[in-house]
Participant: 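There's a structure below that I have some questions on.
Note that the coordinates shown come from a computational prediction; the quantities given were computed from them, not determined experimentally. Each chain gets a letter, A, B and so on, in the order its sequence line appears, and its residues count up from 1.
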Amino acid sequence: MSVQLSVQGLCKRFGGVVASDDVSFDLKSEEHLAVIGPNGAGKSTLFKMIGGQLRPDAGQIRFDGHDITKAGPRAVWRSGLGQTFQITATFSSFTVRENVQIALMSLNRQTRNLWAAAHELHRDEAQALIDAVGIGDFAERSCGVLAYGDLKRVELAIALASRPRLLMMDEPTAGMAPAERRALMDLVTKMARREGMGILFTEHDMDIVFGHADRVLVLDQGCIVAQGSPDAVRADAKVQEIYLGTGGMADERV
Amino acid sequence: MDFAFFILQFLNGLASASSLFIAACGLSIIFGVTRIVNFAHGSFYMLGAYFAVTLAPRLMESINPFLGFWGGILAAAMIVGLLGVLMEMLLLRRIYHVPELFQLLATFGVVLIVQDLVVLIWGPEDILGPRAPGLKGAVNILDQRFPEYELFLVAAGPLILGAIWLLFRKTRFGVLVRAATEDREMTDALGINQKLLFTGVLFLGASLAGLAGALQIPKEPANGFMDINMIAEAFVVTVIGGMGSVPGAFLAALLIGELQAFGILLFAKSTLVLAFLAMAVVLILRPQGLLGKPAVNTEHSEFASSIPLRPWPRWLVLAWLGAIVVFACLPFVVDSFTLKLAIEVMVFALFAMSLNLLIGLGGVISFGHAAWFGVGAYAAGLLAVHSHSPMLLALAAAPLAAGVAAALVGAFIARLSGVYLAMLTLAAAQLIYAIAFQWTGLTGGDDGLVGAWPDAWAKSRVVYFYLTLALAGGAVFALRHIAYAPFGYVLRAGRDGPARAEAIGINVAAARWVAFTIAGMAAGLAGGLYTFSKGSIDPTVLSIPTSVDVLAMTLLGGVHTVLGPVFGAAALHLLQDFAMPITDHWRLILGGGIIAMVLAFPEGLVGKLRSWFMPAEETP
Amino acid sequence: MSVSEDVILKVRDLNAYYGAAHILHGINLELSRGEAAVLIGRNGAGKSTTLKSIMGLVRPAAGEVIFEGDKINGLAPYQIARMGLGYVPEDRRVFATLTVSENLEVGRHERPGMKAEWTPDRLFELFPNLAEMRERTANQMSGGEQQMLAISRTLMGNPSVLLLDEPSEGLAPVIVESMAMALRTLVDTGLSILLCEQNLAFAAAICTRAYVIETGQIRHEGTMNELLDRADLRKAYLAV
């Protein structure tokens, strides 16, 4: 498999805090890669740098052979990298279907159109997408009144509208009931396998991480401390130390 | 220019910097802790002057001139401080959690009320104050005479800065204010009573404004324009200095004071232009101001809505068609006066619709929308009066001129958001107001332009009515159409979730800039139509009260409705027209009304009606 | 269960949301007077939200918080703080432009009818590092020093319960160790502590009882020793 996303030597400081310290990794096409680590490990910073919301201090990000290090979020999206956010961000005054329609309008460069009836544009394609994520019946509902689990699905449909080749998800199941989590991730993985789409995600729920990732990357204090198959990472002593903490006072049982 | 003159100009600059700083620093302190931009700060300033001209002469007579004068100044500051406490307890406490536009509007309601109360209590005439005992003369500086009182003011600014510094370093209250400015929630969790702290901060901020006003009395009479004149400059100073930073306000006041002192030699009449340009430069280089901290990015606008735009049901389309036909029959049934009123209602309906494109769809709080209405009105008026252009040409020029002006200003403020944007739109409007007011040769200054009447073919009021119906009505429905078009969706997407919008390829700032331009054009067309309906035009069309009127119309109609502002405009304009002749206290009523509206139903008139009549969205 | 009769803080069926996201699904826990207990779990489990809900910084949608026999949910955070609940937030949140002395001053509160136990001088005995930097502003301090300041600032309010949100986060091991000793000293003086942690060893050095939290629910409660002895629990809820 070829390398789809290549991150080389990424650094980012905020004042005296090092949020990202020489982070390098590759994601092969169609690979599902999970990034885990304790609070403040630099997961969100890493995602924001890849997504174009933050500019790295040093390093390079290449996606499908193109340098996207300095690209803003709009350019990153156009290059075929879709994302969903930690705090769900849907357009609350839009209906479920319209949330996807607006992404399709943007994809077709219709954002300056002052004339067409937006409600009718790309209606069928949007409906197909929300059907696919299982909320087709809510097409006409306002996103402002939807349950959280359904909002997550709307967000997924928005991100999928541009047919991304890589989907980046920051804590896709945070705030969901345990039963819904697995269902959502099963859906995402199934769709990704079918479309040949890669996935890069962070997650706190370890069942989700080890159940859905091909490979796991562990961050701590801005550095990559381990990466490899789920089993290898699970067996890594350093990773266990980060998660359980020894802090120089180890009880022999820890 | 010789050296002595240079020194004197410099001292003049320092004196006005001191006045500016004392006036503006309270605004910054209040914002730092409460996060409210207090429009009524100008009112506190004006009240300080009025209390001082009332108290000082009496005290000077009954005690002695020296103690009486300074006692009067201090007493005025204290009384204004107590009024600040009153405002905090009665009003601000109820609006700390409402969207910032409503906070601005509610405090502007206080401005209106105070304006009327001042006239009620002190009468409409300016009141001269006493001169400061012991500081009546002038001193010789390099063979030039310089007033002693100005010299006193030069020292007063740094003294006040020092006093605030001591208060902030050496007292528990000051330490708490600084802590709360940094992290309000954390002080709450540490056991600090927020209400008491805010009340104390309002006392401090308001008494400083009162002191600044009181210190003006040897220089200018207490008058009813002090509030608005001061607030625009205070906004400029706090924005340049960084919201919430007292030393920043001091630096900014120095910058503006000196710019004005020396700028007056270059552009004798438009010192505000320089202040505005300075602000533009500072904000481009340092958006958070000289000593301000970068604003925390709000993830979504406070105006995000959960009400989708639904295509109109057939009955609503028919109802609108019916209403338009009935409205078009007006000339057959009503007299000429009512027809004039109907024309004005259409003009304001378009004006309010144009503002709602920004606020309702874009979530962009424009507080100076009168600027574009005024530019359109003046463009049409100037062409008609000075070059006797045909009316239709003048009417075509109105939206073009306003659109160009809005595009220029929008180019560098469309990227901002929240209170910064609101304050900058207001400052831009004040700048254009100052130009219209001061460029007497072109605009006729205060008197304005007269004789901008429609061409012969449209002289009849009936013809002008239909012309307005066609143009304003057409524009209103064009704006409605935009709301349902992809561009309208893009604007709402940028309002509901800017980060999400950017992540699906939408350029939110660019969309807002286009919206700013379109809204400016529509407001300009309304302004042009307004000029020919009145036959004359003067700077009040550009003033802050006009901006507030149109805001009130938009909000009354409901920002999350498409055609609500049309009803808001009709309701407010008719009310104004009926109420004005029978009451002298229109501003009192309007101010009270605005406050009541903010407190009672922020979703607006039409929004309220809709929630009664339209089926509610079901919640799962 | 080793819960004594003298329960100082009790949380019953707490449910909390951020916007539409359901974060806490019915949290129950108790803290006895003079006891140190840990709420342990991975990040994102709902630890911070639990503390914020107790403190009134997040309005719980359902459930009760009872402190010294009084229901306190619904009260403003400053009222809760004045009753004797001290809160040390995640990320420390010291006032960056204020000096050490000024930061302490903000936290100062003498509870009516009680002797003021904590003074700056006593705190400087507990954290000697701070004594040398009274006039330094917090933004010039290291993470560990800021954490000591944050704890000291809260102690200035003379609380009877200390809510600590991940005090070991991002600190060097040697600092973590001295932090644990200082907190142990506090427990020995009779202060009750509810600690939120991911660091099991750090928690074990301070606490005698543990609640294991995952996805907004308490999955296990018992003594610290039980948790240390049961690898299955640690594997399921704490490790990866």
Side-chain angles (χ1 to χ4, degrees), chain A residues 48 51-53 72-79 81-85 87-122 138 140-147 149-150 155 158-159 161-162 168, chain B residues 294 297 299-312 357 360-361 363 478-515 517-518 521 559-562 616-620:
Chain A
K48 280 182 182 160
Q53 283 97 358
R74 299 194 296 276
V76 169
W77 173 77
R78 276 218 181 269
S79 72
L81 204 159
Q83 24 173 352
T84 67
F85 296 98
I87 297 163
T88 30
T90 58
F91 305 122
S92 58
S93 75
F94 287 27
T95 64
V96 168
R97 193 198 295 122
E98 284 172 342
N99 262 280
V100 181
Q101 283 173 280
I102 183 85
L104 292 167
M105 286 179 230
S106 177
L107 188 67
N108 290 284
R109 299 186 187 276
Q110 292 164 316
T111 54
R112 292 294 164 81
N113 187 324
L114 299 173
W115 190 250
H119 190 69
E120 302 300 328
L121 288 175
H122 316 294
F138 299 156
E140 293 288 342
R141 277 216 189 144
S142 159
C143 262
V145 299
L146 232 49
D150 295 329
E155 209 187 7
I158 297 172
S162 57
M168 198 163 75
Chain B
N297 242 345
E299 270 303 301
H300 64 94
S301 159
E302 288 170 314
F303 274 94
S305 156
S306 61
I307 308 164
L309 276 186
R310 306 281 187 193
W312 280 1
L357 180 74
L361 295 184
L479 287 173
R480 179 200 170 269
H481 196 90
I482 288 174
Y484 284 93
F487 181 69
Y489 274 58
V490 163
L491 272 182
R492 278 163 58 218
R495 173 197 72 191
D496 288 354
R500 163 45 78 201
E502 291 277 329
I504 53 166
I506 292 172
N507 187 339
V508 175
R512 286 183 178 163
W513 180 65
V514 172
T517 309
I518 294 175
M521 287 177 73
V559 287
H560 292 139
T561 62
V562 180
E617 297 281 337
E618 73 249 67
T619 2

Participant: Working to the nearest 0.5 angstrom, can you tell me the gap between Thr95(A) OG1 and Arg141(A) CZ?
Facilitator: 12.0 Å
Participant: With a 4.5 angstrom heavy-atom cut-off, which part of Ser162(A) approaches chain B: side chain, backbone, both or neither?
Facilitator: neither
Participant: Counting heavy-atom pairs under 4.5 Å to chain A, which of Ile482(B), Val514(B), Ile506(B) comes out on top?
Facilitator: Ile506(B)
Participant: At a heavy-atom separation under 4.5 Å, does Ile518(B) approach chain A through its side chain, its backbone, both, or neither?
Facilitator: side chain
Participant: Measuring only between side-chain heavy atoms, which start at C-beta, is Val490(B) closer than 4.5 Å to Gln110(A)?
Facilitator: no
Participant: Given heavy-atom pairs under 4.5 angstrom as the criterion, report whether the side chain, backbone, both or neither of Ala501(B) touches chain A.
Facilitator: both
Participant: Please state whether the side chain, the backbone, both or neither of Ala478(B) comes within less than 4.5 Å of a heavy atom of chain A.
Facilitator: neither
Participant: Would you call Arg310(B) and Glu140(A) a side-chain contact if the rule is heavy atoms closer than 4.5 Å?
Facilitator: yes
Participant: Heavy-atom distances under 4.5 Å only: say whether Leu114(A) touches chain B with side chain, backbone, both or neither.
Facilitator: both
Participant: Taking every non-hydrogen pair under 4.5 Å, which of Pro486(B), Ala503(B), Ala511(B) racks up the most with chain A?
Facilitator: Pro486(B)
Participant: Between Glu98(A) and Phe91(A), is any pair of side-chain heavy atoms under 4.5 Å apart?
Facilitator: no
Participant: Please state whether the side chain, the backbone, both or neither of Tyr489(B) comes within less than 4.5 Å of a heavy atom of chain A.
Facilitator: both
Participant: To the nearest 0.5 Å, tell me how far Arg74(A) CZ sits from Asn507(B) CG.
Facilitator: 3.5 Å
Participant: Of all residues at least two apart in sequence or in a different chain, which pass the side-chain contact (heavy atoms from CB on, under 4.5 Å) check with Ala117(A)?
Facilitator: Glu120(A)
Participant: Mind ranking Arg109(A), Met105(A), His119(A) by heavy-atom pairs under 4.5 Å with chain B and telling me who comes out on top?
Facilitator: His119(A)
Participant: Is there a side-chain contact between Arg500(B) and Thr90(A) in this structure, where contact means two heavy atoms from C-beta onward sitting under 4.5 Å apart?
Facilitator: no
